[in-house]
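Side chains are part of it too, since the values below use all heavy atoms of this structure and drop only hydrogens, waters and symmetry mates.
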Amino acid sequence: MSGIAGVLGPAAFAAGVLWTAAGAEAGQHVAASARSPVAEEAFRQGMEMVARRDHDRALEFFRHAVALDPSHDGAHFYAGLAYLQRGYTSLRLADHHLSRAIALDDSNPRRRHWRGIARLRLGEFAAATADFEDVLARAPDSSATLRALGSALLSLGAPGPAAAALRRAVDLEPDLLEPRWMLRIATERAGGDPAALPESVRLDLPDRSAPSPVRFEDVSAESGIERWSRGRGSGWADVDGDGDLDLFALGIRDPHALYRNRLVEGGEIAFESAAAPAGLLDPRGGWSALFFDYDRDGDPDLHVTRDGWDGRDVNSLFRNDGGRFEDVAAAAGVASPRDAFTAAVADVNLDGWLDLYVANGVATPGGSPNELFLGAPGGRFVERGEAFGVADHGRSVGSAFGDYDRDGWPDLLVLNFFGGPALYRNREGVRFEDVSAAAGIGAPHEAFVGFFFDYDNDGWLDILIVGFTPDMETALRSRLEGRAVHEGSRLALYRNDRDGTFSDVTGPAGLSWNLGAMAAAFGDYDNDGWLDIFIGAGAPPMERLEPDRLFRNLGDGTFADVSASAGVDHLGKGHGAAFADYDHDGDLDLFVPVGGAFPGDRQRSALYRNTASQEDAPNHWLHVRLRATTLHLDAVGAQVLLRAEEGVEAPVQVQEVAIGGGFGVTPSPILEFGLGHHQTAVEIRIRWPGGASRILRKVPADQRILVVEDQPGYRVLR
């Protein structure tokens, strides 16, 4: 079964009416009609498959019944529901069959309800509104239709009428939290005060937000990144070699976007669209975006996972030839047709050729094998996932590399949508060993994405995993109670115990939440020397409006939610977010691709500019760019340990040059350290891929430096 709705369970199924409420009316109508016996038998078999929850086979029987008898309104109706259940790839077919059912018999308003749902997801908001209003004229107490109408009206930019519809929905279902949440949003957008709503319909959420020392500004429009899409992955890289970080962005069935940073040459903060001249204006879209120099020619190439929940196209590998890209996936041996979601890059066997791990199977019942493509001379890859023991079959979504045991070999984290996470220890480049149980990595069961990072400044990589909470009721209940209320879909923070095991410290860290978490990124946004966490939130249903979250690391093992005060609590569906200092002012900026699963849910992505450098006394910083010479130039897998204070007990920050993690993104290739009030990095220890080391001492703050493996000292970058 393809499509995200087929995996997560669409709102139609959640409402309990997709196959059940219409069953009686369909059966009665068919029984009263003269039907072709063969068509009727096909319809009966389809309903039998529905009872078994075998929806793919059910659809085939309904299609057969329609082919035998085009006037079989029941078969059209159930075929339309089956296409709705398949998700965003089949909405036009759903609309067609539901429209045929309505034309043949419009006596039951549920048919218009479900056609309205199809049209809402297609972005035909006026037509959807008309269908919902028709239903309510005949069935005014349909709370599901009232909620859907509220969503359609919000999408039309009519928050006042939306609030009126949603208030009726709350009256009908006073125990549900989501209608109250939607009413709160509609009231605020209409210029009202949600706090002034009557207590009987008001949703009072405890204010657990904390103040942020700095704030972000959304500069998307003024900087030239005005992107409306079903946003997914993103990546930062110096594509044209001018010293600035350029931005690449993906979306579902939306053309790729490449934004060239004109900071140095123009002096102003501005991006220009460059996808077409770069050969990257590919309309097929994608999910994960990884920049890495697979052919070792000195410029960043680009890998794009294509399928996600869709499963129709092979992945792409775009070779960078002087700023012009060409898809060479087939020739390179990585044109996999599997339903790939994210990917990650490392040199797993330290042979000098970067390797590619691809997480597959999320849209395939039972999963499909993940793939480990080993790089080789000549620009070719060889798939060795099974041989290396990492062909995980858990319907994988997230993937990340990190050397958590500090033995010099990149280890692998795989996040499975059902079945829990898997941690693989690299056994000296020959194979991987599944150490999940021994290491204590077991939650969440419904994992989405994650990464390695050092949150407690002890010099060892810890792990963050975000679980995906598909229903807003659970997410809102979590906010009300101030804790995770569903174990399977919570966040999970694992502290590295430095002996091969991890401790689950999620609760004490203040991160025990259920969120519709679809993206995660880390960076020291306030330059206080402690890594913070950004989470992009949301879910496929059109009515799901959930704020993104920024958790500030307080430096004492705990995190505080500063989303609102930092200005990044966007209501929508955030995906492949990535931090980077694109304007060279020393603080981390943030790009968040935004958009939903359905064609009607295109949203505007956000480029947030950090204003920390504009403070009267900003914290200090040091940004380190590494250039290796022994293995691969970009030093993927290198670790940098930095001390800003003297003493063996002083905190030590560690960052690793990594590609992937989070929503399969390429974070800044520059390691960006905050130093707080310290004006000097007392000591910087670099462990290069392959094991060589370097120590730098007394490096002044507030500069960008380049360290080359076989050259002494460092060079200051402009």
For the pair [X] (side chain) and [Y] (backbone), establish whether a donor and an acceptor sit closer than 3.5 Å, ignoring hydrogens and angles.
{"X": "Gln653", "Y": "Gly674", "answer": "yes"}
{"X": "Glu683", "Y": "Arg643", "answer": "no"}
{"X": "Asn553", "Y": "Leu531", "answer": "yes"}
{"X": "Asn457", "Y": "Pro651", "answer": "no"}
{"X": "Thr558", "Y": "Ala509", "answer": "no"}
{"X": "Asp355", "Y": "Gly375", "answer": "yes"}

Would you check if [X] and [Y] make a side-chain contact, meaning some heavy-atom pair closer than 4.5 Å?
{"X": "Leu491", "Y": "Ile535", "result": "yes"}
{"X": "Leu622", "Y": "Ile684", "result": "yes"}
{"X": "Pro689", "Y": "Leu631", "result": "yes"}
{"X": "Leu590", "Y": "Leu550", "result": "no"}
{"X": "Arg685", "Y": "Val652", "result": "no"}

Would you name the heavy atoms of [X] and [Y] that are closest together and state the gap between them?
{"X": "Gly286", "Y": "Arg232", "result": "O-CB, 3.5 Å"}
{"X": "Asp497", "Y": "Ser503", "result": "OD2-OG, 2.7 Å"}
{"X": "Gly233", "Y": "Ala289", "result": "C-CB, 4.4 Å"}
{"X": "Leu415", "Y": "Pro421", "result": "CD1-CB, 3.5 Å"}
{"X": "Val239", "Y": "Asp246", "result": "N-OD2, 2.9 Å"}
{"X": "Ser288", "Y": "Ala343", "result": "OG-N, 3.5 Å"}

Q: Return the set of residues passing salt bridge (Lys or Arg N to Asp or Glu O under 4.0 Å) with Arg215 (not counting sequence neighbours), or none when no residue passes.
A: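 For Arg215, no residue satisfies salt bridge (Lys or Arg N to Asp or Glu O under 4.0 Å) once neighbours in sequence are set aside.
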
Q) Hey, which of Asp462, Leu423, Ile441 is the one that makes side chain to side chain contact (heavy atoms under 4.5 Å, CB included) with Tyr494? A)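 Passing option: Ile441.
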
**Q.** salt bridge (charged side-chain N to carboxylate O under 4.0 Å, His left out) assessment of Glu646 paired with Arg697
**A.** CA-CA 11 Å; Glu646 297 282 4; Arg697 303 187 190 279; over 6 Å; no

Q.
salt bridge (charged side-chain N to carboxylate O under 4.0 Å, His left out) for Arg687 and Asp403? Distances and angles first, verdict last.
A. CA-CA 11 Å; Arg687 191 202 64 198; Asp403 181 12; 2.9 Å; yes

Salt bridge (charged side-chain N to carboxylate O under 4.0 Å, His left out): which pairs involve [range], sequence neighbours left out?
{"range": "residues 518-528", "answer": "Asp526-Arg552, Asp528-Arg552"}
{"range": "residues 609-638", "answer": "Asp583-Arg609"}
{"range": "residues 584-593", "answer": "none"}

Could you list the residues that satisfy side-chain contact (heavy atoms from CB on, under 4.5 Å) with [X], not counting sequence neighbours?
{"X": "Glu649", "result": "none"}
{"X": "Glu217", "result": "Val219, Thr611"}
{"X": "Asp561", "result": "Arg549, Phe551, Ser563"}
{"X": "Phe432", "result": "Val348, Leu372, Phe388, Val390, Phe401, Leu412, Tyr424, Asn426"}

Q) Pairs in or reaching into residues 608-642: which pass ring pair (Phe, Tyr, Trp, His ring centres under 6.0 Å), with residues at least two apart or in two chains? A) Trp621-His623

Q) Quick one: ring pair (Phe, Tyr, Trp, His ring centres under 6.0 Å) pairs with a partner in residues 661-693, sequence neighbours left out? A) Phe341-Phe663, His575-Phe663

(Q) Test of understanding: with side chain to side chain donor-acceptor pair (under 3.5 Å), list the residues that count as partners of Ser565, not counting sequence neighbours. (A) none

Q) About how many Å separate CG of Asp293 and CZ of Arg319, when rounded to the nearest 0.5 Å? A)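 If I round to the nearest 0.5 Å, the distance is 9.5 Å.
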
Q.
Once rounded to the nearest 0.5 Å, what's the spacing between atom OH of Tyr714 and atom CG of Leu626?
A.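 The distance works out to 14.0 Å.
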
Q. Does Trp353 have Arg296 sitting over its ring (NZ/CZ under 6.0 Å from centre, angle to axis within 45°)?
A.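 Yes, Arg296 and Trp353 form such a contact.
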
Q: Could you label the plane-to-plane angle of the His303 and Phe292 rings as parallel, tilted or perpendicular, counting under 30° as parallel and over 60° as perpendicular?
A: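 Because their plane-to-plane angle lies in the 30° to 60° range, the rings of His303 and Phe292 count as tilted.
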
Q. With under 30° as parallel and over 60° as perpendicular, where do the rings of Phe579 and Phe216 fit, or are they tilted in between?
A.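 Geometry flag for Phe216 against Phe579: tilted rings.
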
Q: Would you tell me whether Thr506 and Ser512 have side-chain atoms, one donor and one acceptor, within less than 3.5 Å of each other?
A: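 Distance-only check fails for Thr506 and Ser512.
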
Q) Under 3.5 Å, is there a donor-acceptor pair linking the side chains of Ser223 and Tyr259? A)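 Side-chain D/A pair, Ser223 to Tyr259: absent.
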
Q. Going through the checks in order, is the ring-ring contact (aromatic ring centres under 6.0 Å, His included) test met by Tyr404 and Phe502?
A. CA-CA 10 Å; Tyr404 76 88; Phe502 291 80; 5.5 Å; yes

Q: With sequence neighbours left out, write down each residue that passes ring pair (Phe, Tyr, Trp, His ring centres under 6.0 Å) with Tyr582, or none if nothing qualifies.
A: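 Applying ring pair (Phe, Tyr, Trp, His ring centres under 6.0 Å) to Tyr582 gives Phe271.
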
